[in-house]
Colleague: 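I have a structure I would like to understand better, so I am pasting it below and will then ask my questions one at a time.
Computed from a predicted model, the values in this text were never measured in an experiment. Naming: A, B, ... by sequence-line order, numbering from 1 per chain.
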Amino acid sequence: MLEALLVMALGAVVLGAALGYAAVRFRVEGDPLVEKIDAILPQTQCGQCGFPGCKPYAQAIAKGEAEINQCPPGGEEGIHKLADLLGREVKPLSAEHGIEKPKSIALIDEQTCIGCTLCIQACPVDAIVGAAKQMHTVIAKQCTGCELCLPPCPVDCISMEPIPESVESWKWRYPVVRIVPADKAAA
Amino acid sequence: MNALQRLFRFNGGVKPDYHKEPSTHLPIAVAPTPTLLVIPLHQSIGGPPRPLVKAGDGVLKGQRIGDADGNVSSAVHASTSGTVVAVEMRLMPHTSGLSAMCVVIEPDGRDEWVERNPFDFRAATPTATRDYLRDAGVVGLGGAVFPSHLKLNAGKQGKLDTLVLNGAECEPFITCDDVLMRERADRLLKGAAIMREMLAASRVLIGIEDNKPEAIAALEAASAGNIDTTIQVVAVPTRYPAGGAKQLIRVLTGIEVPHGERSTDYGVQCFNVGTAFAIYEAIALGQPLISRIVTVAGNVGQARNYEVLFGTSMRDLVALCAPLPDTDRVIMGGPMMGFRMPSDDVPVVKATNCVLVGSQKLFPQPPPEMPCIRCGECAKACPADLQPFEMYWFSRARIFGKAQEYHLFDCIECGCCAYVCPSRIPLVDYYRFAKSEIWAREVEKDAADLARDRYEFRLLREEREKQEKAAKLAAKTAAGREKAAAALAEAEKPARTPDEEAKHALIAAALERAKAQKEQVHPENTGNLTAEQRAEIVAIEARRAEIREQAKPHLRQDD
Amino acid sequence: MNNSPYFLKPASVQSVMMRVLLALIPGIAVYVWFFGAAVLVQIALASVTALLAEAAMLKLRGKPVMLFLGDGSALVTAWLIALTFPPIAPWWLTVIGVLAAIVIAKHLYGGLGQNPFNPAMVAFALMIVAYPSLMSQWPAVGFTDFMPQWNAIFGTRQLDAITMATPLDALRTALHTADARATVAGVLGNDATFGNIGGKGWEWVAAGYFIGGIYLLQQRIITWHMPAAFLATLFVISGGFALYDPTRFVGPSFHLFTGGAMLGAFFIITDPVSGCTTPRGKLIFAAGIGLLTWIIRTFGAYPDGIAFAVLLLNIAAPLIDMNTQPPVFGHKRKGGRPS
Amino acid sequence: MSEPIEIARRESSVLRISVRTAAIMLAFTVVFTAMMAGTYKATEPLVAASALAEKLRLIGEVLPPSYYDNDLMADAITLAPHKLLGLDDDTRLWRARKNGEAVALVLEAAARDGYSGRISLILAVGTDGRLLALRVTSHKETPGLGDYIDPKKDRNKSRPWITQFNSLGFDTVPRDKWRVKKDGGKFDQMAGATISARAVTNASGRALAWATENRDKLFGLAANGRFEDQGVKP
Amino acid sequence: MSAYKEITWNGIWKQNSILAQLLGLCPLLAVSTNLVNAVSLGLATILVMMLSNFAISALRALIPYEIRIPVFILIIAALVTVVDLAFDAFLHDLYLVLGIFIPLIVTNCIVLARVEAFAAKNGLRASTLDGLMMGVGFVWVIALLGAVREFVGQGTIFSGIEMIFPSLSGIQVLPADYPGFLVAILPPGAFFVLGLLIAGRNWLDARANQRLREKRLHDQPPTATPATA
Amino acid sequence: MTSYLFIILGAVLVNNVVFVRILGLCPFMGVSKKLETALGMGAATTFVLTMACGASYIIDAWLLIPNQLEYLRTLSFIVTIAAIVQLTELVIQKTSPVLHQVLGIYLPLITTNCAVLGIPLLNVSLRHNFLESLLFGFGSAMGFTLALILFAGIRERLEAADVPVYFRGTAIGMITAGLMSLAFMGFAGLDKFK
Ligand SMILES: Cc1cc2nc3c(=O)[nH]c(=O)nc-3n(C[C@H](O)[C@H](O)[C@H](O)COP(=O)(O)O)c2cc1C
Ligand SMILES: Cc1cc2nc3c(=O)[nH]c(=O)nc-3n(C[C@H](O)[C@H](O)[C@H](O)COP(=O)(O)O)c2cc1C
Ligand SMILES: Cc1cc2nc3c(=O)[nH]c(=O)nc-3n(C[C@H](O)[C@H](O)[C@H](O)COP(=O)(O)O)c2cc1C
Ligand SMILES: Cc1cc2nc3c(=O)[nH]c(=O)nc-3n(C[C@H](O)[C@H](O)[C@H](O)CO)c2cc1C
Ligand code: SF4
Ligand code: SF4
Ligand code: SF4
Ligand code: SF4
Ligand code: FES
């Protein structure tokens, strides 16, 4: 009994001291993981993930408090990248947090706009310019399509327009695998 | 001098049926000027040129109608004299079926040239020569339409070992370079001599596949009379894609130019023979690039090469060759690398070396794609020594990072792999898809970075405003400092002395100023509008109009 | 409509697989000659099971059934299973083996082209682990009566009369168990039913497969790398040890011409799907299989090591491939200078 | 804030925290080790008793109590590690006597050549040179294949495989027939799992031979004596 | 959902130690060769998990962050040893069956994971419940695994039960001449069956998510035609 | 000398920790999605496991056995291991940021790798001496690393395979691990020939 206590106590003192020492001595600050996660998030800042912006969501993921499938703008692609970074399992986008939509930008109908500036206050990336009682407009290049400006508008003059393609931005489509005909023909 | 040129070989490659005969029976003909020319502004790699004309303007043949946008761009010119009827979005000769800005010219039939003057490149600085070529709209005619003035730069050493002229023309059906070499060998060689001089190249090798004996003979005859003995014609073995610049350089010089590096750093540069001809015309005759030789072949009664004005509708061109009734598509380029056109009513552009008319019979729909069995046929055929099935494997699953690890961007999209694949997998389509996705992601990433900056900036601004409010509040109340500290503590993180606080606010304000200057867009959304903001809104209006414009055709074709 | 290239070389997966089946025929013919027609029953049984299982899985996974069934890969798997299992294995053994190969090893991974493990060898390994004794009962050479074999497959198992230990098994049992008195010569030489090469009959079967293999090489369906590296490794290592101690280690001719060596060299390790794809990778892959085959045959608990060796190298194949990527155009020599 | 002060503060906190964590670690360790050690001490007799009961139960299986009347546990000797018997440690060897007459030896043995490692055995050898009975005390043979050597796992409940050795000796089964049938001996094996059977059979044969040979010496030793013997040839 | 309900649901399904977190695999695979062993280990695990969650939740305020892992492990290992010894001494019959499994629990990483992730941050009742429910989640999976492996491997079920309840005996489900499928009992079989179980879970989860998604789509019709086909 | 080689080879191949001894499965399943991380985990485990085997041998031989405290084995081993892991992590984190980049995030995971306790305990029951303990620890860790990187290689390819949807990820990973352990059964019996 006594030997047991002595042996273990000896170990405990040595290890405890060493750990305590090391913990202070070798402490490092900051969490580079958050930055890495944030770099993957689309920065739409829409809050659909349930956090007030991409960075807070990134912090929550880093702490293990949030799943990686809560960001609809990031979509499947974003989930894959996060899973890759964190070594977690890929999951389908959580339907609780929304569904993936085509990328759009806000468009203000200037005929209806009353210049109330409410949308300006809502836009997280300052993509709306205008002034009180003046017509407002969206800087297309800077709009992230977060839709946060839609609800505050008292006259519902903002709509989301899918971004059209141009020859430059056109992408080759995923090659369509046509496999049905042969079977149908046989049937 | 004419010692036997030692040839090297590249791995892979295939030998498809060539079908070149039919279009070489007749000499080059000049295609008639059509009733309407649709000249796309964006015809080369690089920035889209800015329009210089508007509807209603009269233009002369060879008049510049689009100005190069920066140095990596190339001008476009009116192919004939006439009236500009519109500058508008028109269907492009592009697989996407999308439209882009075009200048639509109604020819007046006079075919009246602008003033043409030879350019004395020997007297001019190299930069001036390059600017001249840029404004003459000379781009590579071998297919990639890379602005030639950018390539006419000898690189670090200021001189080159070898200038390679690419007359291989390895793709089936296409014979435009073949007939050009046969019929215009001397002028071509003069162009080559100009390029050699500009690049200070020690020798010029003209590589021609050995299935074009007439072209070889013509060039040899022409060069025999030539004083410039550094020009040498070399027959290379016929194997697709011997005409790929890297493959041809390899065959002729043994040098392998890696992807992403300039061939001039290895002492070689490669131009298409048609480009050499265009350079001759631009420098010696002062004529900008307004036409080119186009092969019309495939499902037609009489295949032939035509000298075609840019902007001519492919439909008009094909009509000259008696297309067969079962024609169902028009392809720009050859069967290995060409692109299916959304309609036959797209204009001939600088990239159009061939208008290939197709039918189900000639180019049948391949049997359904089967899974890849990793048989390795494609790897054996790949001239870039890639592992096509690995790139396919990951592109298919949209794991682009991995695809890139297997050197996706080294792929020259030659199509050899798809040609041999027993599973009939449209491999190249997967690579095109993956490449364009990767590019799009890069754009998205930039946009996200921008959004992050702006968002953080906004947070900073809000923070500062809060602090300012708190400071005001503090000043107002009698208790002064204490309360301000409390308010600040609430607004900010704990434990900052008022001193630090003030400093922090200062820094924040400074940061904001700097940022605001950098951004140039003033997102101060309060108070009265500055002139700058007004300008911004005007610009935005214009962009909006453009977006709506672009959206229309797109929405139409979407279903 | 499709994009470029617009015309393709005539070739298809189906024709590849059919030529593989064709190449198996000489071997099968010799097999029937020496060991009886039971193997044909097994081939039929395996083929039917494989096609049914393949069709069912394709249906379940929502793939076009007829199209994929026609590719013939299930038949190749089935035939190879039938040829590596004992011809008088009870029917359910073959059926379970084929099901495991098609369902687990192939379709759970996404079907043709995606399986990291050789389906036929998964079947063999699974079954020999589960039923070691049933998987070791082979008909005696020359005892080709059909009915007893048929009964062995479908009826009651009165086997003693028609079975005998295969050369590999006999050798293994003798060398492992008895009190160090057994020698290679003792086992092989004294028994009249075993030839001195690979066991009577066995070497001719192997020769049949060899002919088929040459055909595959000529058709460019397989490359020389794998068979050459495999056979060479097996030859060198068994030869070396046989020279070192001929009483305990049997020589290369036996190793090359017995068991699954020849079949393996040309038909099994060459499975393009689960093997290595780079030229250097193929050499390493096949040499690895040769080495492990010899080790397992000589020291291991199982009679023939090919199946396990193949699976073990299947595991390593992605890594081998990754580390033997041939240099890409322009990246071969520093500076891209001519060689 | 100036650098040196910062460092000095950190240095002092290093010491403080080290001491603090060490103390807490110590406290936890002491408490939990005490708890463990306490339980250990408290249960030691009980655990020892149940271990003994277990041993007796095993012995009872190979040697029914009716065979002897002495206190087996008292009449035991220690057997030094023994190669032939496959033993690496000191083991106990019990001597059963009835009316003062030596009747049987109970000893442990092990086969090292099981399919997956060691198979430990306990066996009782009568003074008549017969193997009274044999049990496997521990093994790692494959469940469902080689584990029939343990009667609890043998599917043949009426006549478990291991019982075929009961009451046999070299007088009934010649030494060179004390093998499994597959090796030309007398004992059955289960098809597909010969290795396990072979291992047990051979080990039992060796143990029986050894016990018979050394019977007198073993019975002659004083209780709690120690028997060292390495020199026996196979 | 109330907090306790959620803990229960997490333990049994959503955060199931095996199927979702992939923790505790070694004892799971090693001991699930038959149902009786599996359940025995499962029950022992529940006991240890409850005890350790309870103990650490109670002591959590005293444990400094830097040495939490060694202290947690110390406590778990001590508890396991105590339980082991106690079984041996007082419940010897049960010990004969469970005994060999109890020391294995120390190395079961799910115990440490739960202590670290839950008990170190939550109250006594919640932590104990979490230990119980995580344990239950472990038990049902290991029991299922054991049953399948035993059934396929030997054609029996509950074999070996007589060691716990001498009056009972295992059930021969398949005919006695069923040759058995040894692979099911060997390690590969364990992996296969577990793979199938996880696939089953994926299937159920996907169905639930799909229903939710359909509901969402139904509730909010799409705003515009997609830009990309 | 050869016997030492056999200890290592045996631990790497024949009695592979993961496939035969069924230890260390959680990190095996959890950290094998990417080759890079698998290598990092393998390296970290190799370091810790070798250290753990050495340390536990010393504790066992010098403290526990002389004092007849074998019942403290599990306790003292595992506490020591936990401390080693944490110490290593802290030290690496500070002293070698590069190494920490590579190994850092895996080190805490090692505490929950039951092989790290299982192998030292096996050392005791196999009666290995100090050197043998170290080698056995090292060999087992190499076996773990081998299993991990092989598995990761396959998984990286599998990620792009057309696996039926419910089997994606872990489920097919399990099946693959099963087939891998089936393949490793081919080594059965080899350890008898050392
Ligand atoms: C697969 C492939 C085949 C090519 N074939 C030819 C060809 O036959 N003739 C040619 O001039 N350019 C060909 N090119 C284009 C050349 O690579 C290269 O771009 C051109 O020769 C450069 O000259 P340019 O800038 O004057 O067009 C081919 C390119 C590729 C990728
Ligand atoms: C890959 C492989 C291929 C085999 N091919 C043949 C074959 O062509 N002909 C044959 O009679 N046996 C073949 N066998 C059977 C084995 O050689 C061996 O006879 C079988 O595993 C039974 O083992 P045993 O004879 O050593 O007991 C093959 C086995 C394997 C694993
Ligand atoms: C996974 C596996 C486990 C085995 N377990 C045992 C076993 O526990 N006992 C045994 O004797 N043989 C075992 N064997 C060995 C084989 O069954 C071996 O071939 C057999 O013992 C030879 O005996 P036979 O002559 O009856 O065929 C096992 C084999 C395998 C593949
Ligand atoms: C040369 C060649 C060898 C093959 N070998 C095998 C084999 O050993 N086992 C097998 O199941 N299928 C084999 N196949 C068929 C096919 O590749 C296999 O079923 C795939 O692994 C299934 O995805 C082979 C096919 C070819 C062309
Ligand atoms: S849902 Fe995505 S884009 Fe929106 S705030 Fe959250 S992380 Fe950012
Ligand atoms: S303009 Fe509207 S949709 Fe665009 S970023 Fe601002 S708030 Fe979001
Ligand atoms: S040729 Fe086709 S089937 Fe063969 S490896 Fe290449 S992509 Fe796969
Ligand atoms: S298309 Fe790309 S991958 Fe295919 S053969 Fe050509 S270079 Fe190689
Ligand atoms: S690592 Fe073994 S139980 Fe988790």
Side-chain angles (χ1 to χ4, degrees), chain C residues 57 60-63 100 103-105 107-119 121-130 132 172 176 248 273-274 289 292-293 295-323, chain F residues 6 9-10 12-14 16 18-20 28 32-36 38-39 42 143 145-194:
Chain C
M57 287 311 287
L60 270 180
R61 295 177 50 228
K63 306 276 166 189
V103 176
I104 297 181
H107 279 284
L108 282 194
Y109 286 96
L112 177 65
Q114 331 237 2
N115 44 309
F117 298 97
N118 187 323
M121 290 303 100
V122 166
F124 186 91
L126 214 54
M127 288 301 132
I128 198 163
V129 169
R172 184 185 63 101
H176 285 194
R248 292 208 350 251
V273 174
S274 52
I289 295 178
L292 286 178
T293 300
I295 291 180
I296 295 173
R297 276 182 175 181
T298 311
F299 303 115
Y302 295 100
D304 202 344
I306 292 188
F308 291 102
V310 167
L311 293 181
L312 285 165
L313 266 294
N314 283 165
I315 295 174
L319 278 189
I320 298 177
D321 268 347
M322 250 175 248
N323 291 301
Chain F
F6 273 115
L9 276 183
V12 174
L13 295 177
V14 182
N16 186 282
V18 176
F19 298 122
V20 181
F28 173 73
S32 52
K33 293 192 190 75
K34 277 195 294 181
L35 197 55
E36 240 174 78
L39 267 171
T145 309
L146 181 76
L148 205 60
I149 60 175
L150 291 174
F151 193 42
I154 296 188
R155 286 188 95 173
E156 280 197 356
R157 241 191 84 191
L158 274 188
E159 212 183 320
D162 190 14
V163 173
V165 62
Y166 306 120
F167 279 88
R168 299 237 163 102
T170 322
I172 197 69
M174 283 289 172
I175 306 270
T176 308
L179 290 174
M180 287 171 82
S181 83
L182 180 68
F184 269 78
M185 294 199 70
F187 288 122
L190 290 186
D191 54 350
K192 290 204 274 294
F193 288 86
K194 35 181 177 185

Colleague: Let me confirm one number: the CZ-CG distance from F/R157 to C/N115, rounded to the nearest 0.5 Å.
Modeller: 8.0 Å

Colleague: Quick one: CD1 on C/I104 to OG1 on F/T176, what's the gap to the nearest 0.5 Å?
Modeller: 11.5 Å

Colleague: Quick one: CG on C/L312 to CE on F/M185, what's the gap to the nearest 0.5 Å?
Modeller: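 Output value for this atom pair is 12.0 Å.
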
Colleague: Non-hydrogen atoms of chain C under 4.5 Å away: do they reach the side chain of F/I149, the backbone, both or neither?
Modeller: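 For F/I149, the contact with chain C is made by backbone and side chain together.
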
Colleague: Name the region of F/F151, side chain, backbone, both or neither, that has any atom closer than 4.5 Å to a heavy atom of chain C.
Modeller: neither

Colleague: Between C/L311 and F/L179, is there a side-chain heavy-atom distance shorter than 4.5 Å?
Modeller: no

Colleague: Between C/Q114 (side chain) and F/A161 (backbone), is there a donor-acceptor pair under 3.5 Å?
Modeller: no

Colleague: Looking at every heavy atom in both F/A183 and C/I315, which two are closest together, and how far apart are they?
Modeller: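 Closest approach of F/A183 to C/I315, heavy atoms only: CB-CD1, 3.8 Å.
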
Colleague: Roughly how far apart are C/L313 CG and F/L150 CG, rounded to 0.5 Å?
Modeller: 10.0 Å

Colleague: Within a strict 4.5 Å, meaning less than it, do heavy atoms of the C/M322 and F/L35 side chains meet?
Modeller: yes

Colleague: Nearest 0.5 Å please: distance from the CG atom of F/D162 over to the CG atom of C/L112.
Modeller: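 Those atoms lie 11.0 Å apart.
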
Colleague: With a 4.5 angstrom heavy-atom cut-off, which part of F/L182 approaches chain C: side chain, backbone, both or neither?
Modeller: both

Colleague: Determine the option with the most heavy-atom pairs under 4.5 angstrom with chain C, choosing from F/V165, F/V163, F/L146.
Modeller: F/V163

Colleague: Please find the pair of heavy atoms, one from F/G153 and one from C/L319, that lie closest to each other, and give the distance.
Modeller: CA-CD2, 4.4 Å

Colleague: Take C/L292 and F/F187 through the test side-chain contact (heavy atoms from CB on, under 4.5 Å) and record every step on the way to the result.
Modeller: CA-CA 9 Å; C/L292 286 178; F/F187 288 122; 3.9 Å; yes

Colleague: Which distance, rounded to the nearest 0.5 Å, do you find between the OH of C/Y109 and the CD1 of F/I154?
Modeller: 7.0 Å

